[in-house]
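Just so you know, residue 1 is the first one in the sequence shown, and it goes up from there. Whatever order the structure lists ligands and atoms in, that order sets their numbers, starting from 1.
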Amino acid sequence: MNKARHIAIIMDGNGRWAEQREKKRVKGHEAGAKVVREITEYCSRDKDIERLTLYAFSTENWKRPRLEVEFLMKLLQKYLESELDNYIQNNIRFEPIGDIRAFSKSLQTTLKNVKEKTAHCDGLVQSLALNYGAHDEILRAVNKIKNCQNDITEAMLGNALDCKHSVDLLIRTGGDHRLSNFLLWQAAYAELFFSDTLWPDFTTNELGKIIKDFTKIERRFGGLK
Ligand code: IPE
Ligand code: IPE
Ligand code: MG
């Protein structure tokens with residue numbers, strides 16, 4: 001039976017969820033943040049799951065209206081501050097990925113603080129992908145190692161990435177069937193699941209069903225069974 005050791009989720013559909021309720025898009029992001037908490041706690045209770053990597057803000061999301069971007073930054077700050085005790089109580093280690101140098105100094109400080117204060121936790125690792133894009137991640141990795149004397153190997157590049165762990169199960173909510181620049185290297189052999197559910201409506205029950213279906217898949221990694 002397969003184990004979903006590393007689950008990655010493209011949390012899409014917040015804006016549409018709000019629009020369907022005639023609310024402002026940002027209300028969808030607020031509702032989405034609650035689901036992040038529920039899904040993270042659920043994964044922290046499943047001993048087979050080691051990592052949960054969540055796409056929260058892409059390198060392309062800066063193109064959105066200034067007010068929406070500002071709201072997302074404030075929401076992230078608030079979420080991390082209120083979540084710190086919860087991370088520690090549930091033994092969850094927080095490890096952001098993406099180029100956080102683009103964020104305000106105070107948000108960077110909060111991110112580093114939560115990372116440091118949870119560094120001793122040895123349960124689930126929750127990675128929020130923030131100002132993350134796979135192209136940007138790969139380029140930064142190549143630039144880190146380009147001056148080495150020998151040819152770059154797969155292991156060298158893999159270890160220079162923000163996320164050094166291959167993905168077993170990749171889920172996208174919100175009905176679209178694309179990767180939107182998420183974990184392109186790490187998802188090389190991930191099993192892909194697409195759900196029409198908008199992220200604020202996504203439940204631990206649906207995640208449980210997806211994981212159950214995942215466990216039955218025969219993964220061959222290019223070999224034969
Ligand atoms: C995903 O929801 C959250 C972020 C990208 C921050 P969207 O905001 O993309 O929601 P839709 O896709 O417009 O419904
Ligand atoms: C992907 O969603 C990014 C996040 C969930 C953070 P988008 O809504 O930005 O992706 P596209 O634009 O539909 O591809
Ligand atoms: Mg979207």
Proximity winner for atom 2 (O) of ligand 1, if only heavy atoms of N14, N61, I10 are counted: N14
Nearest-0.5 Å distance, CG of residue D168 to NZ of residue K3: 11.5 Å
Between N61 and E68, a side-chain donor and acceptor under 3.5 Å: no
Aromatic ring pairing F57/W62, orientation class (parallel under 30°, perpendicular over 60°, tilted between): perpendicular
Distance-only N or O hit between ligand 2 and R178, under 3.5 Å: yes
G32 touching ligand 1 at heavy-atom level, < 4.0 angstrom: no
R25 touching ligand 1 at heavy-atom level, < 4.0 angstrom: yes
Proximal protein heteroatoms (N, O or S) of the Mg ion (ligand 3), under 2.8 Å: D12 OD1
Where ligand 1 meets R16 - atom numbers and elements under 4.0 angstrom, heavy-atom basis: 11 (P), 12 (O), 14 (O)
Where L124 and L52 come nearest, the two heavy atoms and their spacing: CD1-N, 4.0 Å
Test item: I39 and T204 side chains (from C-beta on) under 4.5 Å apart, heavy atoms: yes
Y55 N/O to ligand 2 N/O under 3.5 Å: no
Flag: protein heavy atom within less than 4.0 Å of atom 12 (O) of ligand 2: no
Under 3.5 Å side-chain donor-acceptor pair for Q186 and E137: yes
Protein contact to atom 10 (O) of ligand 1 [nearest heavy atom, distance to 0.1 Å]: G15 N, 2.9 Å
Ion pair check, K112 and E116, cut-off under 4.0 Å: no
D176 N/O under 3.5 Å from ligand 2 N/O: no
Side-chain donor/acceptor of Y55 to backbone N/O of S180, under 3.5 Å: yes
Ring geometry between F221 and Y189 (parallel below 30°, tilted from 30 to 60°, perpendicular above 60°): tilted
Any donor-acceptor N or O pair under 3.5 Å, side chains T110, Q77: yes
Identity and distance of the protein heavy atom lying nearest atom 14 (O) of ligand 2: S180 OG, 2.6 Å
Protein contact of atom 8 (O) of ligand 1 - nearest heavy atom, named by residue and atom, plus distance: R64 NH1, 2.7 Å
Note: R51-E95 ion pair, threshold 4.0 Å (strictly below): yes
G174 touching ligand 1 at heavy-atom level, < 4.0 angstrom: no
Non-hydrogen atoms of L169 and A4 that approach each other most closely: CD2-CB, 4.2 Å
Nearest-contact summary for atom 5 (C) of ligand 2 - protein heavy atom, Å: M11 O, 3.5 Å
Basic-acidic side-chain contact under 4.0 Å: D136, R140: yes
For R172, the ligand 2 atoms whose distance to one of its heavy atoms is below 4.0 Å: 2 (O), 10 (O), 11 (P), 13 (O), 14 (O)
For ligand 1, the portion of A56 having any non-hydrogen atom under 4.0 Å away: backbone
Atoms of ligand 2, numbered as shown, that sit under 4.0 Å from any heavy atom of F57: 6 (C)
With sequence neighbours excluded, residues passing side-chain hydrogen bond (donor to acceptor under 3.5 Å, both in side chains) with K146: N143
